[in-house]
Each structure stands twice: as structure tokens, then as C-alpha cells.
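For reference, the structure discussed in these notes is given below.
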Amino acid sequence: MKLFSTRFISGAALAMALSVGPAAFARTPVDQLVIGTSLAQVLSLDPQQGTEVKTQEILANTYDRLVQFSGEEGYAIRPQLAESWEVDDTGITFHLRDATFASGNPVTAADVVFSLTRLIMLDQSAAANFKNVGYTPETIADLVSAPDDKTFRIEMTDSVIPESLLYRLAGGTASVVDSAVVKEHVSNNDYGNAWLRTNTAGSGPYVLRRWTPNDVVLLEANEQYWDGAPAMRRVIMRHAPESQAARLMLERGDIDVANALTAPDVLTFTDKEGFSIDEVKTGGYYVLSMNAGREPLSNPLVREAIAYGIDYQGIADTILGPYGRPRNVPVPEDFEGAIDNPDWSFQPERARELLAEAGYADGFDLTLKTIAQTPRVDMATAIQASLADIGINVSIQQGNGSDIVASHRARDFDLLIPQTGAFMPTALGSIDNFVTNPDNALEANNAGNFVWRSAWDIPELNAMRNEANGERDDARRLELLRQMQEMFIAQKPAVLPMFERFEPIVISDRVHGYEGHPWSLTRLDDVTKTED
């Protein structure tokens, strides 16, 4: 298994192409890429705000970062806007290439400083991976600088090693924005957020021409792109949440790529002539978040009972398929330093014993919230059935991305099914979401922190996590990571990993050079298409 994966048409014509139903679509043009996906979670296109999975592919193609990584090079960090860099004892110095934004403005080191400062000062969940290693509104001005137009410098804190800082800078939230354009659109000291939520100001191979929520995203080639204009002059992302409809559209050539199919529909393309399946390993998880700030979920015995009350293998076999595999440790089993899985298989008798020990022999009622999206809805129904066997009556509340994400960030839930990623393809990168919570107080309002949302107070784990993040000795860091996994299991987590998360993508054989990215930062500038 792979470590992570293996000119405008007229306005009237465009409106017709995007408004008619699927049956009216012809075979997609050779110079256009059409992707069938779910746009339900695309809430903002501001790169220093939008963190949702499907948002990232849009941002990956309208913006550049200093550095990047992909599976083609074994996930090593590679140049993007930075041609080269040097690491010393206290920081990293980057040397920028000659590049321009879509506006025609040159990309400068001052733009990089502006972008990273903006990320931190907006102080939204997108900044979490930087804030939790010491890049805060109070410190950022002293940690980033531009000695000249082509030189950018970032100082390291005591809580970050060079490797993990480079991977953070490769993330979508570290995209470099055109500071001159953004400053023109600042309103009420919002750092240009209101404007940038629905517009782009990047240097990427594409520019945003249209975004209609839950309908369509239209990207047009940036003919002045510093690495050459992309072969696809247009990319259309169509909202196709109904899996069977998307499958039929792919089969008849109405779309070229489908990345929101149900597991059964994905599997219909196995060994099917004219198609391939890219099973992208994200390093992240499907998680059952339990609100430890509410009774009875504050009780570790109850959380352990729930862990024993889920039929992981049954869900994997009947629902997930290519979307994941059972795993209750927040480090994928094939990552260096991963420990063995605990015996949290479906054991209803053991679960009922734990509930009785906790004082809940007669069970109780809970609500489970989930985004109405594959495969989480079916997963929620299966969890509901499993927990009913141990006396927990679960009602399911479905919602769109904005509703469910808002509930999660506000601690307004009993149970909730989110998904995580890994900020770098290592044990340290995958476990970070599960062991970071520097201040559990409600007043901290740390909604960007995954554990904080579940009100799970873990000072010992957080301290060990801080030590591991700053440890430059590889052997010592691996030992700390093993200890963290053991401690995580022992504390009966309120953020329960259930399944390693994969992103299966079905691709027409007409498409060449499309490779799914573990963070959904799939670049499309090298994608080509053939007629047959």
C-alpha cells in the first residue's frame, strides 16, 4: 500500500453549461477538467480561514506556498515560491524565485510576512498548527521578517523542529496572498476577510472566476503563471453529492474525476476499463468526538464503554470499504513509532459492565451530530445501532458543513463525527490533533483546537506533546511518541479514533497527471487529457 497515495466561452454558453441537468452534458472537452465532488463544506475561500477538505483543492490551485510536498517524491519537502532555503540553529531563511500574482504584482518576501502575520492575527482555527508551537499574535512580529524583497526569514520557537515547521509552511493555510490587493479590500479591520472569502488573490496556476455555494466552482487558467500556463484552461468543480448520479456522470463522460462516491459506487470501478482508483491515505481519521464537558461523557468508564460498543470491523466491511480501516490509536499502524491497537473491538457485554460500574446500568440518551455526507451518515446509523445494543439510545442529527462545524467549535454536541488529517506524514504529524489542548477553559475559546472542542482536559499529554515537538533527537522523539500513545489509550479518550481515513478518487483514463494529495492540496497545473 502507498504510504499516502500513489479563454472564456461566452457568458450565455457558460451559464447554459452549468445550469442544465446532468443528462444534457456532453463528453467533457479535452482542455477542461470537470470534477464531481461535494461542495457542502466549502464555507470560505480565504486561505487563512478555510480549512475544510474540499476547500483545499481550490486553494492549492489559486495560491502558492513557500514549499510543497507530494507523493511523487516520497513526501519530501520541495520548492514552490522558495527556490531554496537554509536551516540554522535558530531559524530558516528562504530565497524566493521570480514570480507574479494573478494581478501582475510581483511576489515579494513582504507578501510572505504579511500572509503569515495575517494568518496569526485573524486568529481562527486555520492558525492552530502555528499557534500551538508558539506563533501567536503576541510573538509573530518578532518571528518573521523580510531582509530584502527576495529573502524571507522565520525564527523557530522552542516548540518546533525544522522538519515540522517546513511541513506547516507547506499547508494550505500558509498560502501567500497578494498583500497589495488584500489591503485594498480591508473593511473594519478585517484583514480583507470579507472580500477574500469569495475572491482569490494568489499566484497559483488558476484564478477563481465563479463560486456558487453547493453548486459549482469555476477556475480559469492563469496564463501568466510563473511555471507556465496549465494545459487545462478551465477547471469546473460540480457539486455532485448524490453518489449514484455522480457515478453515472463519470461513466458517460460528463465528469472526469469523482471524489465523493459511496464505497459501493467506488468499488464498481475496480478493474473497470477506462477508469482507475487512487486510494489516498491521508494520515488522518474518522473520529467519534464525545463532549467530556457533559454528563455522562465526562466519566472515563462511559467513554471506554462506548469504545467497546462500536462494531468497527462491521462498519469497515459494510460501509467504509476504500474509505478507511479500523484503528483506535491516533498514529497509522504503518508509521514509524506506532503502537499496537488496544482491544476495543465490539464487545457489548464488556461495554454493559462498564456502564453499570459507572452507575448507568439502565443506559441513557445521546444525540449524534454529523455532516450529511458520505460516508459519515451511514457510519452514524451503524454507530446508533451498535450503541443501542449496550443501552445507549442515540438520535442522529444531520446538517450541512457550516451547521455541524459550528456546533463542534461551540462545544454544542453530545457525540459528533469529525475527520482529521496529519500536518506531516509522520507519527508526530498524525497524533498532534489528539494530544494538544493547552487551556481547556471555556473562556480560552480555543475553537481551532480539536481536543478543546470536546472539553477534554489533558495537561499531561499536552506537556509530553510539547516536549516531543521540540525534541530534535529522533530516537528520543520516537520514544516520547510511543509513551503518548500509551497514555492516550489509558485516559479513555474523548476524541476516539475509529478508522484511518482514506480518500478514494475515481479517475477517467482520459486524465493524466492527476494525483490525489493527503491534504487535498491536489495541484492541477500538470494535468492533461486525451480525446479517448
Side-chain angles (χ1 to χ4, degrees), residues 38 40-41 52-53 241 262-263 284-316 318-320 323-324 326-328 330 344-348 351-352 354-355 358 360 362-420 433-434 447 450-456 492-501:
S38 171
Q41 290 191 71
E52 293 75 21
V53 169
T262 63
Y285 287 81
Y286 290 110
V287 180
L288 183 64
S289 289
M290 313 178 213
N291 192 337
R294 295 182 178 180
E295 294 288 349
L297 297 168
S298 58
N299 189 323
L301 290 173
V302 170
R303 299 198 299 265
E304 186 177 15
I306 289 174
Y308 279 113
I310 297 173
D311 186 2
Y312 306 101
Q313 194 59 55
I315 293 173
T318 61
I319 296 171
L320 283 182
Y323 275 92
R327 176 75 170 162
N328 302 122
W344 283 346
S345 57
F346 184 45
Q347 300 180 44
R352 285 190 286 267
L354 287 164
L355 288 178
Y360 296 98
D362 295 329
F364 46 84
D365 297 340
L366 293 173
T367 298
L368 170 57
K369 294 187 177 183
T370 182
I371 292 173
Q373 189 176 68
T374 297
R376 281 183 270 188
V377 171
D378 290 337
M379 197 185 309
T381 302
I383 291 170
Q384 178 187 48
S386 290
L387 293 184
D389 281 353
I390 67 171
I392 300 177
N393 180 41
V394 175
S395 60
I396 297 174
Q397 181 178 333
Q398 299 182 36
N400 59 32
S402 58
D403 292 338
I404 301 302
V405 170
S407 291
H408 196 197
R409 292 175 178 173
R411 294 179 168 180
D412 180 22
F413 65 95
D414 296 329
L415 304 176
L416 191 144
I417 304 178
Q419 62 186 36
T420 69
N433 270 318
F434 295 88
F450 189 70
V451 174
W452 182 91
R453 298 177 190 181
S454 286
W456 188 38
K492 317 307 178 190
V495 284
L496 175 66
M498 296 186 293
F499 307 95
E500 282 188 51
R501 184 172 65 84

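We're numbering straight along the sequence, starting at 1.
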Task: Heavy-atom closest pair, residues F346 and D311 - done: CB-CA, 3.6 Å
Task: Nearest heavy-atom neighbours spanning A263 and I319 - done: CB-O, 3.1 Å
Task: Least distance between heavy atoms, F413 atom then M290 atom - done: CE1-C, 4.0 Å
TODO: Please report the shortest heavy-atom distance between L297 and R303, naming the atom on each side.
DONE: O-NH1, 3.0 Å
Task: Separation between CG of D378 and OH of Y323, rounded to the nearest 0.5 Å - done: 11.0 Å
Open item on the list: For the aromatic rings, using the six-membered ring if either is Trp, is the centroid distance between F434 and Y285 under 6.0 Å?
Closed with: yes
Task: Nearest-0.5 Å distance that lies between atom CG in N328 and atom CD in E500 - done: 10.5 Å
Open item on the list: Under a 3.5 Å distance rule, please check whether R453 uses its side chain to pair with a backbone N or O of R409 as donor and acceptor.
Closed with: no
Open item on the list: If you define the side chain from C-beta out and look only at heavy atoms, does anything of I383 sit under 4.5 Å from M498?
Closed with: yes
Task: Distance (rounded to the nearest 0.5 Å) between T318 OG1 and Q313 CD - done: 9.5 Å
Task: Rounded distance [0.5 Å steps], CD1 in I371 versus CZ in R376 - done: 4.0 Å
Open item on the list: Would you say that L387 contacts L415 through its side chain, given a criterion of any heavy-atom pair below 4.5 Å between the two side chains?
Closed with: yes
Open item on the list: Within this structure, what is the CH2-NE2 distance for the pair W452 and H408, rounded to the nearest 0.5 Å?
Closed with: 10.0 Å
TODO: Could you walk me through whether D403 and K369 pass the salt bridge (charged side-chain N to carboxylate O under 4.0 Å, His left out) test, one step at a time?
DONE: CA-CA 10 Å; D403 292 338; K369 294 187 177 183; over 6 Å; no
Open item on the list: Using side-chain heavy atoms (C-beta onward) and a distance below 4.5 Å, is L368 in contact with L288?
Closed with: yes
TODO: Answer yes or no: is there a side-chain heavy-atom contact under 4.5 Å between K492 and L301?
DONE: no
TODO: For residues I392 and F364, determine if any side-chain heavy atom of one lies less than 4.5 Å from a side-chain heavy atom of the other.
DONE: yes
Open item on the list: Please check this pair: side chain of Q384 against backbone of V394, looking for a donor-acceptor N/O pair closer than 3.5 Å.
Closed with: yes
TODO: For R411 and G293, indicate whether the former's side chain and the latter's backbone hold a donor-acceptor pair under 3.5 Å.
DONE: no
Open item on the list: I'd like to check V377 versus Q398 (side-chain heavy atoms, cut-off strictly below 4.5 Å). Are they in contact?
Closed with: yes
Task: F450 versus S289, closest heavy-atom pair with distance - done: CZ-OG, 4.0 Å
Task: Point-to-point distance, once rounded to the nearest 0.5 Å, from CG of L320 to OG1 of T374 - done: 11.0 Å
Open item on the list: I want to check something: taking the side chain as every heavy atom from C-beta on, are R294 and D414 in contact at a cut-off of under 4.5 Å?
Closed with: yes
Open item on the list: Quick check: closest heavy atoms across T420 and R501, and the distance to 0.1 Å?
Closed with: O-NH2, 2.9 Å
